[in-house]
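Below is one structure, written out as structure tokens, with a few remarks after it.
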Amino acid sequence: MKPFRLPVMIALVSVLVAPLIVPGGAPAAPAADSVVVLQGVDAVTVDPHMSSSLPEANMMLHVFEALTMYDDNMRLVPGNIVESYRNLANDRTVWEFKLKPNIRFSNGEALDAAAVKAAFDRGMNPQIGRGNTSYLNNNLSIREARAVDALTFQLITRVPSPVVPNFLAEYNIGAPKYYAETPLPQVAVRPIGSGPYRMTEWRKDEQMVMEPNPTYTGPRPSIRRIVWRPVPDGFSRINELLRGSADVTVNVPPDLVPTINRVQKAFGLQGGRRIFIGITQYGHPALRDRRVRQALNHAVDVDAIITSVLLKNGARTGSNVNPPWQNPNVKPYAFDQRRAGQLLDEAGWRMGPNNIRVNAQGQPLRITLQGPRGRYLKDAEVTQAIGQYLRQVGIDLNLQIIDWAQYVPPILQKRAGDLYLIGSGSNFEGQADISDLQMNSSSNYGNWRNDQFESEWNRLIGEFDAAKRREILYRMQDIVKEDAPYIFLYFQVDIYGVSQRLNWKPLPNERIRLTQATLGQ
Amino acid sequence: MSAVAAVASTAPPTSAGRTALRRIARSPRALVGLGVLTVVLVMAVFAPWLAPHDPRNGDLLVTRKPPAWSAGGVATYPLGTDSLGRDILSRIIYGARVSIVVGVVAVLIAGAVGVTLGLLSGYFGGIVDDVIMRIAEIQMAFPFILLALLIMAVLGQGLFNLILVLGVSGWVPYGRVVRGQVMQLREKEFVEAARAIGSSTGRILWRHVLPNTLAPIIVIATFMVAGTIVSEAALTYLGLGVEASTPTWGTMLAEGREYVQVAWWLAMFPGLAIMLTVLGVNIVGDWLRDVFDPRLRV
Amino acid sequence: MTQYLLRRLIQAVIVVLGVTALAFGVLFLTGDPVYLLVDPRGATQEQIQQLRVRFGFDQPVPVQYVRYIGNALRGDFGLSLHHGVPNWDLIVQRLPATLELAFAGFVIALAVAIPAGIVAATRRNTWADYASMNAALLGQSMPVFWLGILLILVFSVSLGWLPVSGRGGIEHLILPAITVGAFTAARTARMVRSTLLEVLGQDYVRTARAKGAGERRVVLRHGLRNALIPVVTLLGIDFGYLLGGAVITETIFAWPGAGRLAVQAITNKDIPLVQSIVILMALLFVVINLLVDVLYTLLDPRVRLA
């Protein structure tokens, strides 16, 4: 037996211990003048025209500006870089923007009409415009971006559309020379805009740091440093906040509101996101019968779900349109399981053995309900509660909770279960809200189609008069409620955890904007 | 899994059954382990009779009730209820079914694959052995959880896929140990004798070789059940295991973890259930190894 | 010895080829992998064909595999679907964090396990033996994610001693490293105890005792030295467990490593990225085991005969 080789062992141990002695990076405890924001995932890219996720949109909101913007009350106003804008009366396809003089990007480039044109040209380049930008391109249907003079910019659309300014609020404008000359992989990790902040550091999956942009001419932000940290596990996010090592965290479960309020603050805010059960027209044939769809709506006690499962964090609705365009006369379906039973009887689904309804041929009413887990407030629990109610009226329910990652593709490809829970975000413009049900819309997941609705839609998209638009939208909401393409549920309440020292109010459009926030004691 | 190395040199057991019976009476720890396992098995088999409530449908009027013994608890829900008013105890009882089914079926699959390959590898040796051992090394080189995640992501989540993944990827320890045993046995007199009287290879393996490798297989299988139960819970925790509407310990733990500060019972009981079951299995595994492996009885 | 190492090297190459073939094959379980890249409704046939050509899916599978290996040898693991940048870059950026976590877990595991194993073996059937072995049994039965949650609750939330998540100074490393190393610690402690007990019963140790060597010297010089050999053999395998455990631990502790990247990639259906991570992790495992083998031959000359 050969003696144990000590030097070998020492070498091994020092290799093992070395990484412990050399720590990587700085500690994450927030400094007095910096704010730490926790989101579930990190940005993949901060390219102004390639990003697609909400966390990225939140970050870019601080770095880039656009031609229009939403104020804290979700009113659309001209962007910080715009003096005024108008729709030409003689040609409704032309939108003209007067830019403010002497605006510069954080790298010193001038922000003029040519720079704005360059940004739109870049976004419309099919090799570049992706994600959210491709969605905006589809909705804007731009024919041309034109620099008329140094400070006059015109955007010309293919057809007249009153909602163009709403979609412009997210069309980011980046420094033209930088974005033209820098390779794509490099701009993906280093954004140059004209917004109140500029990015100073980004270690992927660790943190992104932003500091005030010295060339910014608008009101100076008070917070000296924003640190965006991706923390995937909800459990860890909450405990970072409770411990005081984070200032803002998203997707707080309602059950934790009292706990958070003991140490920090929790904000619940009715957002624009509508949560509903989509009723597919390609699934179970019974669902093509309007009476069955209405019966499903009567069967579910949505108020009880909001109270018990969401702890009141939801606003019941019978429409899929957000205020201010919501029709106040559209009332939600009443919880009335007797009425639901009658409607199902009329539709030919009579109560059979084992409390399961059957048709004349004796086939049971077997319906699949799918719900996601991990995307919306208590999504899996809400879906399961709805399932309980649907079983009570005699539906042989097959309930499936699917993790979010696996959940969406079948819905997009129209091969989901018969019923599926989903939420739809909003830009607080009624047309965008109701377009979810338009037959050619890519978000009409259930293939619902109603001719009356379509003729109203065709009227709506060319109508520029606000009062008339309101009338049309109200009529469309009546149609939608009566024909019940959804089981209508509620507007989601977004709950944020906020540290005691941060003075900040969240926005209803799920965006985190810290430009006016301040740090107190 | 830890059995692999320790069992590798196991000698063939003699009258293991009788020794086992004698030893169990002397080992209080083994009794505890067996006790835990018996409870879990009974829960799994008799779930519909034991569960006081429907594990899937709750009552929205009794949501988030704490366990019966703490303030605000209700006697009819001994371990409390979740945010849909479902009985935690009933869900734990039904959850035992999934854990046991996954654990046992996956281990049976892994055992069948591993024993077959191990027998072939050990009995024929040469190129067959080389190929099979290379496959084993390839398998071992994958970080298991990543491989399982990759396959689940491609195939889609669900009980069947999960069992398949856990089963197929767990064969190596059996293969290695059986191979080692067979190599020793191959030259033994009774095998030589069988060969001499013209028994077919299959018959020799089945009648003479396999019975003599049973002891280490049982020990490995026990430890593998523990590993598989944990893997199932881990994959479910990451959202790629059993469908979330099935009541399982992994789902319950995943759903309850954010509420630990306000409703500790949501995550605590499933967490304990997993831990105790795995502990029970490991204790029994330890004991079986001691019984079958005289080398370790110093 | 050179011959033995050469043989091990050839075996390792075969294993690596097998690993890549398997990980590569998984992609084709999905049917046509091009549909992982596009939504079939939103894209025209022309666009789909373009993508097919761009990612090389138009070639026969064996050709694709050979090309994949060829590219991989040059460090080119293709583009991530979700990130749009080379998979290699994404992984290499995050590998140091994973290795740091795995090594730290390893160090903690050994630092706890070896003394515990020695104590348990030398004070057999005392309370110290029972306590450490019961703790080890418990540690071996504790699911990684459950342990992580409990540690955060106790040390970060209740006591406030350590950060909840993230990477930074050494204080950030402690809880994740314990979480990831617990299983290995438990296993190693049990193994040290049983091998040490076995070694201490051997003739040469009895001889040493009979010759009047002090008990301490007997245990450390004769017992431990030999008892550690099987432990060293398993170091490589254990490292594989640590890499696997890192997948869950990194998610809980928001640790910016490759395991978490894998979980995210799966969430985004970025199968080529997951594939590359699996292959690189396996490669790492093979290399480390090769090193362990070399180390082992240095420690125990008998192996050279094997």
Side-chain angles (χ1 to χ4, degrees), chain A residues 232-239 241-242 249 251-260 262-263 300-301 303-311 368-375 378-392 397-407 409-410, chain B residues 53-66 80-86 91 149-159 161-162 234-248 250-268 271:
Chain A
D233 202 302
F235 167 80
S236 309
R237 282 199 301 272
I238 295 290
N239 285 305
L241 178 76
L242 289 176
T249 176
N251 299 340
V252 172
D255 316 61
L256 289 172
V257 169
T259 313
I260 290 175
R262 240 173 278 145
V263 196
V300 180
D301 190 348
D303 288 322
I305 293 175
I306 292 174
T307 307
S308 301
V309 180
L310 297 174
L311 307 180
T368 300
L369 167 64
Q370 296 179 331
R373 183 165 74 166
R375 174 59 184 85
K378 299 225 139 192
D379 41 17
E381 286 94 335
V382 168
T383 311
Q384 294 179 68
I386 289 166
Q388 294 180 14
Y389 285 109
L390 294 181
R391 287 196 181 110
Q392 286 169 9
L397 195 79
N398 171 26
L399 185 82
Q400 299 173 351
I401 302 295
I402 303 169
D403 200 71
W404 178 249
Q406 322 267 333
Y407 185 69
Chain B
H53 299 271
D54 180 345
R56 284 164 190 270
N57 291 322
D59 178 353
L60 287 184
L61 297 175
V62 289
T63 55
R64 283 174 301 269
K65 291 278 175 221
T81 61
D82 67 7
S83 52
L84 291 176
R86 294 174 301 195
R91 288 175 72 73
L149 281 173
L150 177 62
I151 296 177
M152 291 303 284
V154 170
L155 294 181
Q157 65 193 124
L159 192 59
N161 288 346
L162 183 69
L235 287 173
T236 307
Y237 184 89
L238 290 174
L240 281 162
V242 183
E243 224 170 36
S245 41
T246 321
T248 77
T251 337
M252 294 173 74
L253 185 51
E255 280 174 0
R257 73 182 187 274
E258 283 186 59
Y259 311 117
V260 176
Q261 281 104 338
V262 285
W264 54 269
W265 56 95
L266 296 185
M268 191 62 73

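The shown structure was predicted, so the numbers you read here are calculated from the model rather than taken from an experiment. Only this structure's heavy atoms are used, side chains among them; waters, hydrogens and symmetry mates stay out.
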Kindly give the heavy-atom pair with the smallest separation between B:Arg56 and A:Gln388, and that separation in Å. O-NE2, 3.8 Å
Look up atom OG1 in A:Thr259 and atom OH in B:Tyr259, then write down how far apart they are to the nearest 0.5 Å. 11.5 Å
Pair A:Leu311-B:Arg64, side-chain contact (heavy atoms from CB on, under 4.5 Å): steps then yes or no: CA-CA 11 Å; A:Leu311 307 180; B:Arg64 283 174 301 269; 2.8 Å; yes
What residue, out of A:Thr307, A:Val309, A:Asp301, has the most heavy-atom pairs lying under 4.5 Å from chain B? A:Val309
With a 4.5 Å limit on heavy-atom distance, are the side chains of B:Arg257 and A:Asp233 in contact? yes
Contact summary for B:Val262 and A:Asp255, nearest pair of heavy atoms: CG1-O, 3.5 Å
For A:Arg237, which atoms come within 4.5 Å of any heavy atom of chain B: side chain, backbone, both, or neither? neither
Taking all non-hydrogen atoms of both residues, which atom of B:Leu60 and which atom of A:Ala385 are closest, and how far apart? CD1-CB, 4.3 Å
Looking at B:Thr63, B:Asp54, B:Leu84, which makes the most heavy-atom pairs under 4.5 Å with chain A? B:Leu84
Heavy-atom pairs under 4.5 Å with chain B are the metric here; pick the option from A:Gly387, A:Gly234, A:Ser236 that has the most. A:Gly234
